Structures are given as C-alpha cells and as structure tokens.
J.: 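I have a structure here, written as structure tokens, and I will follow up with some questions on it.
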Amino acid sequence: MLVRRIAGFAGAAVSAWMLWETITPIMRQISLGSDLATELLNPPVSLLRILSTALLIIGGLLALGAVRGAVWVFSAGALVFALMTGAMIGLGADYTVWADEAILAPFLLVICGVLLFCPRR
C-alpha cells in the first residue's frame, strides 16, 4: 500500500512539472498576442499534453488517497502521453520538442505498472 502511495505521489509530481512546462510557453505566446485556440490546436500537441498530464495528476492523487480506480485514470493519461511522444518522434518533430517526453514517458509507464501490479489492501 505504501509503494502505491509513493508511486502515486511521484507520478503526480512529475506530471505537475510537465503541466507547468506546457502551460508556461502557451501563456508566454498568449501574452505576445496569440490566441488560445491557435496555441492549443496548431499543432494539437499542447492540448494532448495538457489532457494527459491532467489525467496523470488526478490518477496520482487518487492513488495517493488509496481510491479505487486510480490505476485506470493514471493508465489513460500515461497511454496518451506515451502515444503522443511516439507520434512526435515518428513524424520527425525536432528533438527539442519531444526530449522531455521521451525521458518521462517510460518512467510514467513504470509507475503505471507499479500501480497496476502492487496489491491493494
């Protein structure tokens, strides 16, 4: 049970950092005159990153609180995050765009495995 809570906290903390790293450039561009829809949807990576990190944070906090179903919320966020990373790499995006994701996606999938396979009491 303690391992699940530690994994939930680690997943939520890493995801919160990634959410901050996503929102900061968006807010900077908006302050320079761009609109929100353009920043979120062109390309849709920002929107996917916000959605996946929000799911990861919620799932991590649910795991920290030992709530049933936390693993499914966390797994959905981790899967979207990993697929988004793979799509960016596969489509040939610049490595500076996906470098953080390539490092953190496997880490989040390992946390997902810990939440999935560690027994609940």
Side-chain angles (χ1 to χ4, degrees):
M1 183 81 149
L2 181 63
V3 173
R4 289 176 61 92
R5 288 185 177 195
I6 291 171
F9 175 75
V14 167
S15 302
W17 177 73
M18 286 303 295
L19 183 62
W20 176 256
E21 290 292 316
T22 303
I23 291 176
T24 303
I26 291 172
M27 295 305 291
R28 184 174 41 242
Q29 289 299 109
I30 289 173
S31 71
L32 294 175
S34 182
D35 62 4
L36 181 62
T38 300
E39 293 303 316
L40 290 179
L41 299 175
N42 193 15
V45 171
S46 298
L47 182 62
L48 288 174
R49 206 167 157 183
I50 289 172
L51 290 175
S52 65
T53 54
L55 284 172
L56 287 164
I57 291 169
I58 292 168
L61 292 176
L62 289 175
L64 186 61
V67 177
R68 284 191 182 273
V71 66
W72 303 114
V73 176
F74 196 89
S75 297
L79 186 63
V80 169
F81 195 81
L83 290 175
M84 175 195 64
T85 303
M88 284 192 298
I89 293 169
L91 293 174
D94 188 42
Y95 78 93
T96 58
V97 176
W98 52 262
D100 290 341
E101 285 90 345
I103 294 168
L104 293 176
F107 175 72
L108 293 171
L109 291 173
V110 167
I111 291 175
C112 180
V114 168
L115 291 175
L116 188 62
F117 293 113
C118 280
R120 274 181 38 105
R121 291 183 192 168

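Bear in mind that the values here come from a model prediction, so they are computed numbers and not experimental data. Reckoned from all heavy atoms, side chains included, excluding hydrogens, waters and symmetry mates.
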J.: Should Leu56 and Trp98 be regarded as members of a common hydrophobic cluster, given that ILVMFWY residues are connected when their side-chain heavy atoms come within less than 4.5 Å of each other, either directly or indirectly?
T.: yes
J.: Identify the heavy atoms of Ala82 and Ala105 that sit nearest to each other, and give their distance.
T.: CA-CB, 4.2 Å
J.: Which pair of heavy atoms, one from Ile89 and one from Ala102, lies closest together, and at what distance?
T.: CD1-CB, 4.4 Å
J.: Supply the atom-to-atom distance Leu41 CG to Leu47 CG, rounded to the nearest 0.5 angstrom.
T.: 6.0 Å
J.: Could you grab the distance from atom CG of Asp94 to atom CE of Met88, nearest 0.5 Å is fine?
T.: 11.0 Å
J.: Is there a continuous path of hydrophobic side-chain contacts, each under 4.5 Å between heavy atoms, that joins Leu116 to Val3?
T.: no
J.: Would you give the length of the straight line joining atom CZ of Arg49 to atom CE of Met84, rounded to the nearest 0.5 angstrom?
T.: 6.0 Å
J.: Check the hydrophobic clustering (I, L, V, M, F, W, Y; side-chain heavy atoms under 4.5 Å; chains of links allowed) and say if Ile58 and Leu19 are grouped together.
T.: no
J.: So how far is it from Trp72 CH2 to Cys112 SG, rounded to the nearest 0.5 Å?
T.: 8.5 Å
J.: How long is the span from the CG atom in Leu48 to the OG1 atom in Thr53, to the nearest 0.5 Å?
T.: 10.5 Å
J.: Looking at Glu21, is its backbone amide N or carbonyl O close enough to the side chain of Thr24 to form a donor-acceptor pair, meaning the two atoms are under 3.5 Å apart?
T.: no
J.: Give the C-alpha distance, both sets of side-chain angles, the deciding distance and a yes or no for side chain to side chain contact (heavy atoms under 4.5 Å, CB included) between Val14 and Ile111.
T.: CA-CA 11 Å; Val14 167; Ile111 291 175; 5.7 Å; no
J.: Could you pull out the closest heavy-atom pair between Leu115 and Ala63, with the gap in Å?
T.: CD2-CB, 3.8 Å
J.: Locate the shortest heavy-atom distance separating Ala66 from Arg5; write the atom from each residue and the value.
T.: CB-NH2, 3.6 Å
J.: Give the minimum heavy-atom separation between Ser52 and Gly77, together with the two atoms involved.
T.: CB-O, 3.5 Å
J.: Membership question, hydrophobic clusters at under 4.5 Å side-chain separation (ILVMFWY): are Phe117 and Val71 in the same one?
T.: yes
J.: Considering non-hydrogen atoms only, spot the tightest contact between Val114 and Ala7 and give its length.
T.: CG1-CB, 3.8 Å
J.: Quick one: are Phe74 and Leu108 in side-chain contact, heavy atoms under 4.5 Å?
T.: yes
J.: Hey, quick one: are Leu91 and Val45 part of the same hydrophobic cluster, counting side-chain heavy atoms closer than 4.5 Å, chains of contacts allowed?
T.: no
J.: Which is it for Leu61 and Val67 under the side chain to side chain contact (heavy atoms under 4.5 Å, CB included) test, yes or no, and what are the steps along the way?
T.: CA-CA 9 Å; Leu61 292 176; Val67 177; over 6 Å; no
J.: Before you tell me yes or no, could you show the steps for Leu51 and Leu55 under side chain to side chain contact (heavy atoms under 4.5 Å, CB included), namely the whole-Å CA-CA distance, both residues' side-chain angles and the distance that decides it to 0.1 Å?
T.: CA-CA 6 Å; Leu51 290 175; Leu55 284 172; 5.6 Å; no
